Amino acid sequence: MDQSNLEQRIKQAMERHPICSFGTVEGNRPKVRYMKLYNDGLTVYLATDRKTHKVDELKSNPNVHLLFGQEKEVVAIEGTGKVNDDETVRKKLWNREFEHWFSGPDDPDYVVLVIEPSRIEFSDRDMNLEVWEA
């Protein structure tokens, strides 16, 4: 299977599975929580509050892991994350769901975590594993 075909299938899986488990490192231990996944290509975006533990954890250790999917496919992403408070990125990602937590795209506590993948494992329904690497 060629890389572009695999990338396309990974992107389609991201659209089908909007919730992921997002793992960071706190000290020397993993810490995982569920988050809403947004993407542009293979880059993942997660909206959060700048006062959360995950923001502090990323500043200390940018290594992250995401896992999502079920039945039809399972996708595991290893990569690095950074906190982005750029106005353009925040406005691009903003949607009405965020109004439960933030006053608007200009809320100073609203930030976007940007995840750049370095390795993605894609397993299909029959558990055939394909690996994408940056």
Side-chain angles (χ1 to χ4, degrees):
M1 187 82 37
D2 66 66
Q3 279 293 93
S4 63
N5 186 303
L6 177 57
E7 287 178 16
Q8 188 62 31
R9 291 177 28 215
I10 292 167
K11 289 185 256 185
Q12 289 169 349
M14 288 180 185
E15 298 299 319
R16 283 191 291 271
H17 305 285
I19 304 298
C20 68
S21 66
F22 173 61
T24 56
V25 180
E26 182 179 46
N28 63 351
R29 303 177 96 171
K31 190 167 183 184
V32 180
R33 74 280 284 159
Y34 288 113
M35 295 193 71
K36 175 86 182 208
L37 179 150
Y38 303 91
N39 71 295
D40 183 6
L42 296 180
T43 301
V44 175
Y45 298 93
L46 307 170
T48 194
D49 190 308
R50 84 169 55 253
K51 296 180 279 188
T52 60
H53 291 285
K54 59 188 146 306
V55 168
D56 294 334
E57 293 156 7
L58 281 179
K59 288 178 181 175
S60 296
N61 185 334
N63 294 301
V64 299
H65 191 272
L66 289 87
L67 182 67
F68 58 91
Q70 63 189 76
E71 297 175 12
K72 198 171 201 177
E73 69 253 326
V74 175
V75 180
I77 299 175
E78 295 174 19
T80 54
K82 65 181 177 185
V83 179
N84 187 315
D85 60 3
D86 177 75
E87 181 181 350
T88 305
V89 174
R90 294 178 344 150
K91 285 185 177 183
K92 177 182 175 182
L93 189 63
W94 180 262
N95 70 63
R96 295 187 60 93
E97 292 176 10
F98 299 166
E99 291 175 357
H100 295 288
W101 301 279
F102 307 107
S103 61
D106 298 321
D107 188 317
D109 289 330
Y110 166 53
V111 294
V112 176
L113 307 181
V114 180
I115 312 304
E116 293 294 343
S118 55
R119 178 183 169 88
I120 303 174
E121 294 183 354
F122 181 92
S123 298
D124 66 17
R125 176 183 307 228
D126 298 320
M127 299 308 291
N128 296 312
L129 176 67
E130 295 178 68
V131 177
W132 175 93
E133 291 187 304

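Predicted, not measured: the structure shown is a model, and the values here were computed from it. Atom set for the values below is all heavy atoms of this structure, side chains included, hydrogens, waters and symmetry mates excluded.
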- Message: Between Tyr45 and Lys36, does the side chain to side chain contact (heavy atoms under 4.5 Å, CB included) criterion hold? Intermediate values first, please.
- Response: CA-CA 9 Å; Tyr45 298 93; Lys36 175 86 182 208; over 6 Å; no
- Trace of the side chain to side chain contact (heavy atoms under 4.5 Å, CB included) decision for Cys20 with Val44: CA-CA 11 Å; Cys20 68; Val44 175; 5.7 Å; no
- Message: Walk me through whether Ile19 and Leu37 qualify under side chain to side chain contact (heavy atoms under 4.5 Å, CB included).
- Response: CA-CA 6 Å; Ile19 304 298; Leu37 179 150; over 6 Å; no
- Message: Please determine whether side chain to side chain contact (heavy atoms under 4.5 Å, CB included) holds for the pair Lys92 and Val112, giving the CA-CA distance in whole Å, both sets of side-chain angles, and the decisive distance to 0.1 Å.
- Response: CA-CA 10 Å; Lys92 177 182 175 182; Val112 176; over 6 Å; no
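The distance from the CE atom of Met35 to the CG atom of Leu66 is 9.0 Å, given to the nearest 0.5 Å. Atoms CE and CD1, on Met14 and Ile120 in that order, are 5.0 Å from each other to the nearest 0.5 Å. A distance of 6.0 Å separates CZ of Phe102 from OG1 of Thr48, quoted to the nearest 0.5 Å. In this structure, Leu113 CG and Glu57 CD are separated by 10.5 Å, a value rounded to the nearest 0.5 Å. We find the CD-CD distance between Glu130 and Glu7 to be 12.0 Å, quoted to the nearest 0.5 Å. With rounding to the nearest 0.5 Å, the separation of CD in Glu26 from CG in Asn28 is 10.0 Å.
One hydrophobic cluster holds both Trp101 and Val89 under the rule that ILVMFWY side chains link at heavy-atom gaps under 4.5 Å. Follow the hydrophobic side-chain contacts under 4.5 Å out from Leu46 and you never reach Leu93; the two are in separate clusters. Ile77 and Leu6 fall within the same hydrophobic cluster, defined by Ile, Leu, Val, Met, Phe, Trp and Tyr side-chain heavy atoms under 4.5 Å apart, directly or through other members. The hydrophobic clustering, which links ILVMFWY residues whose side-chain heavy atoms are closer than 4.5 Å, places Val64 and Val83 together. The hydrophobic cluster containing Phe68 does not contain Val114, counting ILVMFWY residues as joined when their side-chain heavy atoms lie under 4.5 angstrom apart, directly or transitively.
Looking at Arg50, its side chain does come within 3.5 Å of a backbone N or O of Pro108 through a donor-acceptor pair. Without hydrogens or angle criteria, Asp107 side chain to Ser103 main chain gives a donor-acceptor distance under 3.5 Å.
Taking a 6.0 Å sphere around NZ of Lys31, one finds it holds more than 12 heavy atoms contributed by other residues, nucleotides or ligands. Surrounding NZ of Lys11 are more than 12 heavy atoms belonging to other residues, nucleotides or ligands, all under 6.0 Å away.
Nearest approach of His100 to Glu97, heavy atoms of both residues: CD2-O, 3.0 Å. Taking both residues in full, the closest heavy atoms of Lys51 and Asp109 are given as NZ-OD2, 3.1 Å, listed atom of the first, atom of the second, then distance. The two atoms that bring Ile115 and Gly81 nearest to each other are CD1-CA, 3.7 Å, heavy atoms only. Nearest heavy-atom pair across Ala47 and Tyr110 is CB-CE1, 3.9 Å. For the pair Thr43 and Glu116, the tightest heavy-atom approach, listed with the atom from each and the gap, is OG1-OE1, 3.2 Å. Nearest approach of Ala134 to Pro117, heavy atoms of both residues: CB-O, 3.8 Å.
Under a 4.0 Å N-O distance rule, the pair Arg16/Glu73 qualifies as a salt bridge.
Of the listed residues (His53, Lys54, Arg33, His65), just one forms a side-chain hydrogen bond (donor to acceptor under 3.5 Å, both in side chains) with Thr24, and that residue is Arg33.
Side-chain contact annotation: Asn84 with Asp86, donor-acceptor N/O pair under 3.5 Å absent.
Relative ring orientation between Phe98 and Tyr38 is described as perpendicular, the plane-to-plane angle rising above 60° on a 0-90° scale split at 30° and 60°.
Asn63 has its side chain within reach of Thr80: a pair of non-hydrogen atoms, C-beta onward, lies under 4.5 Å apart.
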